[in-house]
Amino acid sequence: MEAQENWINKLERLQDQAFKDLQQAHKETELQNWHVTYLGRSSELMGIFSHIPQAPKEQRPLIGQKANLVKQALESQYSTRLEALKQETLEHSLKSEKLDITLPGRKATRGRLHIATQILREIYRIFAEMGFQIYLSPEVETDAYNFELLNIPAYHPARDLWDTFYTTTPGVIMRTHTSPGQIRAMREFAPNPVRVVLPGMVYRYEQMDASHEIQFNQLELLAVGENITFGDLRGTLEDFAHRMYGEDVQTRMRPSYFPFTEPSAEMDVQCIVCGGEGCPVCSGTGWLEILGCGMVHPVVLKNGGYDPKIFSGFAAGLGPERIAMLRYHIEDIRYFWSNDVRFLEQF
Ligand code: DAH
């Protein structure tokens with residue numbers, strides 16, 4: 001009888017201890033350890049099971065029953081605790097990983113058009129209103145189109161005006177100006193009239209500094225037809241200057257030299273910074289040069305497929321980056337194509 005009490009007490013103590021320990025298990029690993037300790041193969045409980053055959057015969061059923069009850073109780077407490085722990089972990093992660101969808105989102109950085117593209121589009125709009133179409137011609141050109149057909153023969157000293165990037169293919173170069181597009185447009189449209197703008201990147205083999213780049217945009221203007229005069233050129237460019245810089249801005253033309261125009265000129269606008277008073281931007285002159293222009297040379301007309309006795313035309317070349325530099329007081333042309341977003345974001 002006494003022995004039986006012992007077995008039963010032992011089992012009850014074991015159960016109490018196990019329940020107490022179970023309350024201390026707060027992690028899944030601790031719970032697993034608990035399971036090994038109290039229900040594992042070498043646990044005290046399993047030891048009792050294996051010793052039951054040594055108990056007096058009549059006591060065995062009672063001890064066995066009790067041992068089974070304890071085992072079931074431990075198993076059931078174990079799975080309840082495991083379930084609770086899983087729930088706790090879930091709630092904790094729900095709380096700590098909570099997403100506040102009412103918080104303002106992170107702003108995406110907005111792309112924008114490059115400043116040169118913006119200026120180009122502004123120029124397109126002005127000339128489109130005057131009836132000019134956009135005509136694109138290649139950036140990789142032949143020596144013939146870039147020079148010869150524009151009345152700049154090989155070894156002519158005027159070639160020194162354009163420092164050229166050559167390719168490894170003889171006769172193929174990077175265009176040094178947009179003027180070769182004049183020949184391409186004329187050859188496509190002749191003998192019909194032409195009224196086009198030719199925009200795009202040009203390349204020069206230059207020593208780079210604040211006012212010299214090896215690449216920049218140009219925009220060429222070309223009108224060919226019958227009875228086109230220098231007056232038309234003057235009127236068109238003055239109209240452009242007024243639309244671009246304001247109705248009141250003064251313009252002036254100075255004689256100049258280009259091999260592909262005769263006569264040739266350069267146009268100045270009143271300094272947009274000082275209004276003509278004289279300042280560092282206009283080197284104290286009150287004027288800013290904005291383009292080169294002239295009447296298309298008869299040789300060039302002929303090369304384009306027009307009879308210079310019947311047809312005449314005017315042309316001009318302007319620099320969009322220069323226009324932007326003057327407008328926004330940008331002091332270094334190298335900013336345009338060095339892709340520094342701190343510069344680009346300002347426009
Ligand atoms: N092609 C010239 C240059 O790059 C600019 C130019 C001057 C274009 C006079 C013209 C023009 O069409 O008439 O310096």
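Whatever order the structure lists ligands and atoms in, that order sets their numbers, starting from 1. Scope of the values below: all heavy atoms of this structure, side chains included, with no hydrogens, waters or symmetry mates.
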Handout entry: F165 ring center near Y203 ring center (under 6.0 Å)
Key = no

Practice task
Report yes or no: does R81 contribute a side-chain atom to a donor-acceptor pair with the main-chain N or O of A25 at less than 3.5 Å?
Solution key: yes

Fill in the blank from the handout: The protein heavy atom nearest to atom 5 (C) of ligand 1 is G317 CA, 4.3 Å

Exercise for the section: Examine the proximity of ligand 1 to H297 and report which part, side chain or backbone, both or neither, has a heavy atom under 4.0 Å away. Expected result: neither

Practice task
Take every heavy atom of F260, measure it against each atom of ligand 1, and state whether any distance is under 4.0 Å.
Solution key: yes

Problem - Distance filter under 4.0 Å to S179 heavy atoms, resulting ligand 1 atoms - result: 1 (N), 8 (C)

Practice task
May I ask you to identify the nearest protein heavy atom to atom 14 (O) of ligand 1, giving residue, atom name and distance to one decimal place in Å?
Solution key: W162 NE1, 3.6 Å

Practice task
Determine, stepwise, if the pair F260 / H297 fulfils ring-ring contact (aromatic ring centres under 6.0 Å, His included).
Solution key: CA-CA 5 Å; F260 31 85; H297 196 286; 9.4 Å; no

Problem - Shortest protein contact, atom 10 (C) of ligand 1 (heavy atom only) - result: E220 OE2, 3.4 Å

Exercise for the section: Could you tell me whether some N/O pair between T176 and ligand 1 is separated by less than 3.5 angstrom? Expected result: no

Practice task
Using the six-membered ring wherever Trp is involved, compare the ring planes of F147 and H177 and label them parallel, tilted or perpendicular (cut-offs 30° and 60°).
Solution key: tilted

Handout entry: Test item, E266 contacting ligand 1 (heavy atom, 4.0 angstrom)
Key = no

Problem - For G294, atoms of ligand 1 separated by under 4.0 Å from a heavy atom - result: 13 (O)

Handout entry: Proximal atoms of ligand 1 relative to A315 (non-hydrogen, under 4.0 Å)
Key = 12 (O), 13 (O)

Problem - Which atom of D232 lies closest to which atom of N227, heavy atoms considered - result: OD2-O, 3.7 Å

Problem - Option among M253, E266, R234 that satisfies the side chain to side chain contact (heavy atoms under 4.5 Å, CB included) test with C293 - result: M253

Exercise for the section: Would you mind listing which atoms of ligand 1 come within a distance below 4.0 Å of any non-hydrogen atom of T261? Expected result: 13 (O)

Exercise for the section: State the atoms of ligand 1, each with its element, that fall below the 4.0 Å cut-off from a heavy-atom position in Q182. Expected result: 12 (O)

Problem - More than 12 heavy atoms of other groups within 6.0 Å of E129 CD - result: yes

Exercise for the section: Pick one of side chain, backbone, both or neither for how A316 approaches ligand 1, counting any non-hydrogen atom pair under 4.0 Å. Expected result: backbone

Exercise for the section: For I8 and I63, work out which heavy atoms get closest and say how close. Expected result: CD1-CA, 4.4 Å

Handout entry: Any side-chain heavy-atom pair of L74 and L14 under 4.5 Å
Key = no

Practice task
Run the numbers for me: atoms of ligand 1, each under 4.0 Å from some heavy atom of Q218, listed by number.
Solution key: 3 (C), 4 (O)

